[in-house]
Protein chains: 2
Amino acid sequence: MDTVRDVLDPTCPSQVALGILGNKWTMLIIFALSSGVHRFSELRDRIAIITPKVLTQTLRALERDGLVDRTVHPVVPPKVEYRLTDLGRSLLESITAVRAWAEAHADEVLEARDRAELAQD
Amino acid sequence: MDTVRDVLDPTCPSQVALGILGNKWTMLIIFALSSGVHRFSELRDRIAIITPKVLTQTLRALERDGLVDRTVHPVVPPKVEYRLTDLGRSLLESITAVRAWAEAHADEVLEARDRAELAQD
DNA sequence: CAGGATCCGTTCCGATACTG
DNA sequence: CAGTATCGGAACGGATCCTG
């Protein structure tokens with residue numbers, strides 16, 4: 001393993017991964033888009049409690065990073081579609097592993113947290 | 001795929017994963033610990049620019065979540081060792097996939113960012 | 001419909017200095 | 001050696017209201 005000493009460098013892969021996954025909503029949106037093409041309001045409804053501002057913000061960030069493709073149809077009312085790019089789909093596979101880990105072990109983490117809270121007395 | 005509608009629930013696996021991976025330093029520390037047992041100062045040196053405060057903070061969080069084990073040896077000078085738990089090692093495998101993705105595709109992301117910046121005119 | 005603008009609270013983070 | 005204390009700034013996320 002390398003020394004992680006180049007963590008200052010925004011080019012460092014770990015940094016890139018963090019810049020993407022560190023965002024609270026990224027994973028959710030990638031999963032929401034895993035099933036295909038979706039409109040803004042579909043995503044908003046699907047992720048329920050997300051505010052439009054944050055959804056827009058996050059989608060734009062993903063677009064900038066080349067993970068999501070945004071298509072504007074010049075019609076009234078406006079219609080905008082989002083889909084994963086090939087790059088986005090490649091990330092989906094990797095974070096699916098994380099998702100699987102979370103589903104398998106979330107309870108253990110929660111138990112550990114509870115134990116830590118109790119031991120705090 | 002489920003509707004991600006329960007994102008409010010801190011028990012939701014996605015939330016748990018985010019709570020852990022969303023932290024800027026978690027991944028780095030997990031990787032730093034992948035090679036075995038390490039002392040505080042080894043970790044600090046290894047991750048270079050991290051401040052002791054933040055290193056402590058993050059390690060404590062990982063300990064609370066049951067991912068890292070902390071052993072204090074009652075000697076002078078103090079000696080404290082950190083190692084991954086079984087749970088931590090299971091996470092390591094999953095995020096290794098993310099790491100691999102980052103190493104394989106970081107350049108594409110950076111290119112996309114550059115293109116977005118140029119197109120901004 | 002798909003957002004942009006604004007404001008504001010919280011949380012995170014880093015630098016510096018100090019201690020058992 | 002392995003932290004803790006304190007402070008201040010920056011980034012993030014949320015609520016509300018507004019618009020082409």
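Numbered from 1 within each chain, the chains take letters A, B, ... in sequence-line order.
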_Step-by-step salt bridge (charged side-chain N to carboxylate O under 4.0 Å, His left out) determination, B:Glu117 to B:Arg113_ = CA-CA 6 Å; B:Glu117 223 170 283; B:Arg113 273 182 203 166; over 6 Å; no
*How long is the line joining CD of B:Gln57 and C1' of D:dT6, in whole Å?*
13 Å
*Give the rounded distance in Å between these two atoms: OH of B:Tyr82 and C1' of D:dG3.*
8 Å
*Counting side-chain heavy atoms from C-beta on, which of C:dA2, D:dA2, C:dC13 comes nearest to A:Val80?*
C:dA2
*DNA chain C: 5'-proximal contact among A:Arg60 and A:Pro77 (nearest heavy atom)*: A:Pro77
*Please state whether the phosphate of C:dG14, meaning OP1 or OP2, lies under 4.0 angstrom from any side-chain nitrogen or oxygen of B:Lys24.*
yes
*Would you indicate, yes or no, if C:dG14 has its OP1 or OP2 atom less than 4.0 angstrom from a side-chain nitrogen or oxygen of B:Thr51?*
no
*Can you tell me if A:Arg89 uses its side chain to pair, donor with acceptor, with the backbone of A:Leu84 under 3.5 Å?*
yes
*Starting from P on D:dT4, measure out to CG on B:Leu55 and report it in whole angstrom.*
11 Å
*Determine: side-chain N/O of A:Arg70 to OP1/OP2 of C:dG3, distance under 4.0 Å, yes or no.*
yes
_How many whole angstroms separate atom CG of B:Leu28 from atom P of C:dC13?_
12 Å
*With a 4.5 Å heavy-atom cut-off, do B:Trp25 and B:Ile47 have their side chains touching?*
yes
*Side-chain donor/acceptor of A:Thr26 to backbone N/O of A:Leu21, under 3.5 Å*: no
_B:Gly66 backbone acceptor or donor facing B:Thr85 side chain under 3.5 Å_ = yes
*Rounding to a whole Å, what distance do you find between B:His73:NE2 and D:dC1:C1'?*
13 Å
_Closest nucleotide among C:dC1, D:dG13, C:dG4 to the A:Ser41 side chain_ = C:dC1
*Starting at atom CZ of A:Arg44, determine the distance to atom P of C:dG3, rounded to an integer number of angstrom.*
10 Å
*Could you state the atom-to-atom distance from CD of A:Glu81 to P of C:dA2 in whole Å?*
9 Å
*Closest-nucleotide 5' rank along DNA chain D - winner of A:Asn23 and B:Leu59*: B:Leu59
*asked:* Need one value for B:Arg39: base, sugar-phosphate or nothing, where a base atom within 4.0 Å counts as base even if backbone is also close, heavy atoms only.
replied: sugar-phosphate
*Between D:dA2 atom C1' and B:Ile50 atom CD1, what is the distance in whole Å?*
14 Å
